[in-house]
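For reference, the structure I am asking about is given below.
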Amino acid sequence: MEPVNRMRVEFTSLPANVAFARVAAAAFASQLDFTLNDLEEIKVAVSEAVTNAIVHGYENSAGGTVVLAVEIRKNTLKIVVEDTGKGIEDMEKALQPAYSTDPERMGLGFAFMQSFSDSLKVESKPNAGTRVTMTKVCARKASSPAGR
Ligand SMILES: Nc1ncnc2c1ncn2[C@@H]1O[C@H](COP(=O)(O)OP(=O)(O)OP(=O)(O)O)[C@@H](O)[C@H]1O
Ligand SMILES: [Mg+2]
């Protein structure tokens, strides 16, 4: 059985923590042999998911906790971003590109997450929270640390 390598962090729902989350996810992901472009895409996808948790889930209040969990299984990276905020009322609409409940925003976050990952799953319950799960497969085989 292939071992699973996991990390999990939780942090306060402050915008400053978006940068922390994207770097933490990319640093962990770099244990696989992703290209720099892949790592950039991972960062953008994590930023979008964490920003959504803070801005929409917790409505910009610093009273919430965001969980980022990342898993490496063989050559597949799995990223989960979770909040226990207000949840999504209409999932079908939320996933449509250019749809936003905030007229000031572009409504492109989920579209980015979709295009920068191999799979995207969004689970949400109004007044309970939202969990976004993305996977990305690393095309190159990770080299062994001894080989570096
Ligand atoms: N974690 C979340 N909690 C509650 N609602 C969410 C969450 N994530 C997304 N949503 C809802 O889904 C909609 C679409 O999200 P998406 O990220 O695609 O666009 P956006 O955040 O509105 O705009 P952008 O990401 O371009 O700034 C949001 O407008 C919001 O209503
Ligand atoms: Mg967004």
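All figures in this text were calculated on a predicted structure; none of them were measured in a lab. For ligands, and for the atoms within them, numbers begin at 1 and follow the listed sequence. Counting begins at 1 with the first residue of the sequence.
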### Query
So is G85 in contact with ligand 1, going by heavy-atom distances below 4.0 Å?
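Not so, G85 does not reach ligand 1.
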
### Message
Hydrophobic cluster membership, with links at side-chain heavy-atom distances under 4.5 Å among I/L/V/M/F/W/Y: are I79 and V67 in one?
### Response
no

### Task
Just do the side-chain hydrogen bond (donor to acceptor under 3.5 Å, both in side chains) check on T135 and T76 with the steps written out, would you?
CA-CA 7 Å; T135 64; T76 302; over 6 Å; no

### Query
Sub-3.5 Å donor-acceptor pair from the side chain of S13 to the main-chain atoms of G64, do we have one?
yes

### Task
Check ligand 1 against S100 and write out every atom of the ligand that is under 4.0 Å from a heavy-atom position of the residue.
20 (P), 22 (O), 29 (O)

### Task
Tell me which part of L95 gets within contact of ligand 1: side chain, backbone, both or neither, using heavy atoms under 4.0 Å.
neither

### Query
If you count the atoms of ligand 1 from 1 in the order shown, which ones are under 4.0 Å from a heavy atom of G109?
16 (P), 17 (O), 18 (O), 19 (O), 24 (P), 25 (O), 26 (O)

### Message
Could you work out, for atom 17 (O) of ligand 1, the closest of V50, N52, L108 by heavy-atom distance?
### Response
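Looking at heavy atoms only, the winner is N52.
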
### Task
Give a yes or no on whether a salt bridge exists between K136 and E41, defined as a side-chain N under 4.0 angstrom from a carboxylate O.
yes

## Note on the structure
Out of I88, D102, V122, the nearest non-hydrogen contact to atom 6 (C) of ligand 1 is supplied by I88

#### Entry: Any N or O of A111 closer than 3.5 Å to N or O of ligand 1
no

### Heavy-atom nearest neighbour of atom 23 (O) of ligand 1 within options G107, A94, G57, A53
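When every heavy atom of G107, A94, G57, A53 is considered, G107 comes closest to atom 23 (O) of ligand 1.
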
#### Entry: ligand 1 to T101 polar contact by distance, N or O atoms, under 3.5 Å
yes

### Message
I'd like to check which ligand 1 atoms, numbered from 1 as shown, lie under 4.0 Å from a non-hydrogen atom of M106.
### Response
23 (O), 26 (O)

#### Entry: F110 N/O to ligand 1 N/O under 3.5 Å
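Checking ligand 1 against F110, an N or O pair does fall under 3.5 Å apart.
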
### Task
Find out if a path of hydrophobic residues (ILVMFWY) with successive side-chain heavy-atom gaps under 4.5 Å connects V9 to V81.
yes

